[in-house]
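Okay, so here's the structure we're looking at.
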Amino acid sequence: MRRSFEKITSTVLRTFKSLLTVDLLSTLTVEEKMVRFFVNGYEDHKPGEPLTLDKEEVTAQINDHINNITKRLSPSRKNVDGGLYVGVTGVSYMFYYLSKNPVLSENKSMYLKQALDYLKPALEVSAGDKTSFLLGDAGTYSLATVLYKETGNESSAEMLKTYKSLYTQYLNPKFLKCGGDEFFVGRAGYLAGALWMSRELKTPVFTNEEMYKICDVIVASGKEYSTKHKSPCPLMYHYYNTQYLGAAHGMSFILQILLSIPGYLTYNKTAAQDIKETVEYLASLQTEEGNWPCCMEEVGQPDHKLVHWCHGAPGTIYTMAKAYLVYRDQRYIDAMVKASDLVWERGLLRKGPGICHGVAGNGYVFLLLYRITGDDKYLHRAKMFADFMVSEEFVRDARLPDNPESLYEGTAGTVCFLADLLLPDKAEFPFQDVFSTYSF
Ligand SMILES: [Zn+2]
């Protein structure tokens, strides 16, 4: 985007002035601060201050985004690649998610129709690997199962059968050489899909024992890798030989899923101990500033720059939340509060509005804190992040993501965040529900 020299100069000066007043950011150079995020000029919430949300304005933002998404990303075969993450399946998920929101119920039938339209091409051509939940066809099958059920289409059972037919592949310890345990392409993603479907359908799609078998493989895989690499905690994982810690390809999402499978910690006591120690180890890696290293290879470095859902505090916070709900240990709440303060300071990302590495994904941190603590401060912060996404500064200076309309990188995820702002008690980052106990 071309900008005049004057505009750039005034932005630089304004940003520099604001930076002088922010102590928390002192370990980053001015240049780094300006490259990664906008300075947060909003006032934080004052205790007792009443909160107001202009629902019409938020709804208008949602409608604007939907207009652009449907204009720019057609439900066609050429847009299937990348599945839930950046393909049409993700846009279908957004429409399904909107259809469940009672505040937007007047558009319910339109949302469901759009959800079906955007899913259709993904059932005609493959999005990626069959077994990949976020990047491939497994995600499409799970959404089709739920969406068909919701719309009374009998093919729902067929779709579920297809999803379940993949099951045995995850039991093979060597099923993916690049690292088969994480969220995008691995076992944790498949289990996340199973839990999500069970909750939406209000009936388990696997028996607990079937899910425990996959958990056992995940735990054995983590133990073997940890022993081989002399890791400082009982379970360690890699993705393409990098030991990621965050939500995208890393340990934190794997742990969140192991903590979420109903009854697993009672069923396998040895695994439960390993999981607990590994969660504690992960919590211990939080820095003074509240962030986490991107991967084990960066542990001990003085500064961790990425404040993204995919890498850093905004994704790891879900594991801290789940750990709190399982162990009821105040330390996990403290970790979340610290992470949230960091996100408030450094979370207005220049990378765009998405949920993977964008402003809405970071705004979800506050909605999670709001649901856990009930403190209005967090709702205020979420509102300010939504507000910033329509500010002149953001519209002018934020970068356009590679896939601008997608669920994880683009505005389809932003729409989910805005819809959750209308109903914060039920807010939920896609497939990151920490509250359900999945007992039916
Ligand atoms: Zn990302």
Side-chain angles (χ1 to χ4, degrees), residues 36-37 134 179 181-184 186 188-189 192 218 222 231-233 235-239 242-260 275-301 303-327 329-347 349 355-358 360-369 371-373 378 408 428-435:
R36 293 193 181 278
F37 55 90
L134 269 196
D181 296 298
E182 53 75 80
F183 185 16
F184 280 42
I218 294 177
S231 301
C233 55
L235 306 177
M236 184 55 68
Y237 300 91
H238 79 102
Y239 187 66
T242 299
Q243 297 167 23
Y244 289 107
L245 296 168
H249 299 298
M251 168 202 280
S252 74
F253 189 85
I254 298 168
L255 292 171
Q256 186 195 328
I257 286 298
L258 291 172
L259 292 172
S260 300
I275 292 164
K276 188 162 191 269
E277 279 178 36
T278 308
V279 170
E280 282 174 5
Y281 177 73
L282 180 65
S284 79
L285 294 179
Q286 189 179 28
T287 63
E288 270 308 301
E289 289 176 324
N291 207 5
W292 271 268
C294 175
C295 52
M296 283 301 286
E297 291 79 352
E298 290 181 7
V299 170
Q301 289 181 7
D303 179 42
H304 301 291
K305 299 182 183 78
L306 302 184
V307 183
H308 303 171
W309 169 82
C310 47
H311 303 293
T316 306
I317 201 166
Y318 295 92
T319 312
M320 296 299 111
K322 190 69 206 176
Y324 171 71
L325 295 168
V326 170
Y327 304 119
D329 186 331
Q330 179 64 28
R331 284 181 302 168
Y332 295 118
I333 292 278
D334 298 342
M336 292 175 72
V337 168
K338 214 165 150 182
S340 150
D341 289 344
L342 168 90
V343 174
W344 176 244
E345 296 292 345
R346 283 202 217 162
L349 300 176
I355 59 171
C356 186
H357 36 263
N362 285 349
Y364 259 120
V365 163
F366 308 127
L367 293 178
L368 175 69
L369 260 293
R371 283 194 67 180
I372 294 250
T373 66
Y378 297 112
Y408 275 77
E428 173 189 308
F429 192 105
F431 314 108
Q432 296 269 131
D433 177 11
V434 297
F435 297 100

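Between the side chain of Q243 and the backbone N or O of E297, no donor-acceptor pair lies under 3.5 Å. At distances below 3.5 Å, at least one donor-acceptor pair connects side-chain atoms of N291 with backbone N or O atoms of L306. Under a 3.5 Å cut-off, the side chain of S284 and the backbone N or O of Y281 do form a donor-acceptor pair. Side-chain atoms of Q256 never come within 3.5 Å of backbone atoms of Y318 as a donor-acceptor pair (strictly under, hydrogens ignored). Between the S340 side chain and the M336 main chain, no donor and acceptor come within less than 3.5 Å of each other. Between the side chain of T278 and the main chain of L235, a donor-acceptor pair closer than 3.5 Å is present. Side chain of W292 to main chain of G246: no donor-acceptor pair is present (N/O by atom type, distance under 3.5 Å, no hydrogens or angles). Between the N362 side chain and the V307 main chain, a donor and an acceptor come within less than 3.5 Å of each other.
A heavy-atom distance below 4.5 Å is found between the side chains of M296 and P232. With a 4.5 Å cut-off on side-chain heavy atoms, L369 and I317 count as touching. Side-chain contact check for D303 versus E289: some heavy-atom pair is nearer than 4.5 Å. Between K322 and S260, the closest side-chain pair of non-hydrogen atoms falls below 4.5 Å. Contact of the Y378 side chain with the I372 side chain is not registered, since no non-hydrogen atoms from C-beta on lie closer than 4.5 Å. By the 4.5 Å heavy-atom criterion applied to side chains, R36 and R346 are not counted as neighbours.
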Take E345 and F37 through the test side chain to side chain contact (heavy atoms under 4.5 Å, CB included) and record every step on the way to the result. CA-CA 9 Å; E345 296 292 345; F37 55 90; over 6 Å; no
Is there a side chain to side chain contact (heavy atoms under 4.5 Å, CB included) between V299 and L285? Walk through the geometry before answering. CA-CA 7 Å; V299 170; L285 294 179; 3.9 Å; yes
Please lay out, stage by stage, how E280 and Y332 fare under the test side chain to side chain contact (heavy atoms under 4.5 Å, CB included). CA-CA 9 Å; E280 282 174 5; Y332 295 118; 3.4 Å; yes
Go through the steps for V326 and V279 under the test side chain to side chain contact (heavy atoms under 4.5 Å, CB included), then give the verdict. CA-CA 11 Å; V326 170; V279 170; over 6 Å; no
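Atoms CD and OG1, from Q432 and T319 in turn, are 7.5 Å apart once rounded to the nearest 0.5 Å. Rounding to the nearest 0.5 Å places CD of E298 at 9.5 Å from OG1 of T242. Put simply, CG on L258 and CE on M251 are 11.0 Å apart, with the number rounded to the nearest 0.5 Å. Rounding to the nearest 0.5 angstrom, the gap separating the SG atom in C310 from the CZ atom in F184 is 7.0 Å. Separation of atoms CD1 (I355) and CZ (F429) is listed at 3.5 Å; rounding is to 0.5 Å.
The shortest heavy-atom contact between E182 and G250 is CB-N, 4.4 Å. When all heavy atoms of A247 and S252 are compared, the pair lying nearest together is N-OG, 3.3 Å. Closest heavy-atom contact between I275 and Y327: CG2-OH, 4.2 Å. Residues Y237 and D181 approach most closely at CD2-OD2, 3.3 Å, considering heavy atoms. A pairwise comparison of heavy atoms in F431 and Y408 identifies CD1-OH, 3.6 Å as the closest pair. Residues A313 and L342 share a closest heavy-atom pair of CB-CD2, 4.0 Å.
Residues satisfying the salt bridge (charged side-chain N to carboxylate O under 4.0 Å, His left out) test with E277, not counting sequence neighbours, are none.
Between Y364 and W309, the distance from one ring center to the other does not fall under 6.0 angstrom.
Screening R331, H304, K338 for a side chain to side chain contact (heavy atoms under 4.5 Å, CB included) involving Q286 leaves a single residue, K338.
Using cut-offs of 30° and 60° for the angle between ring planes, the H311 and H249 rings count as tilted.
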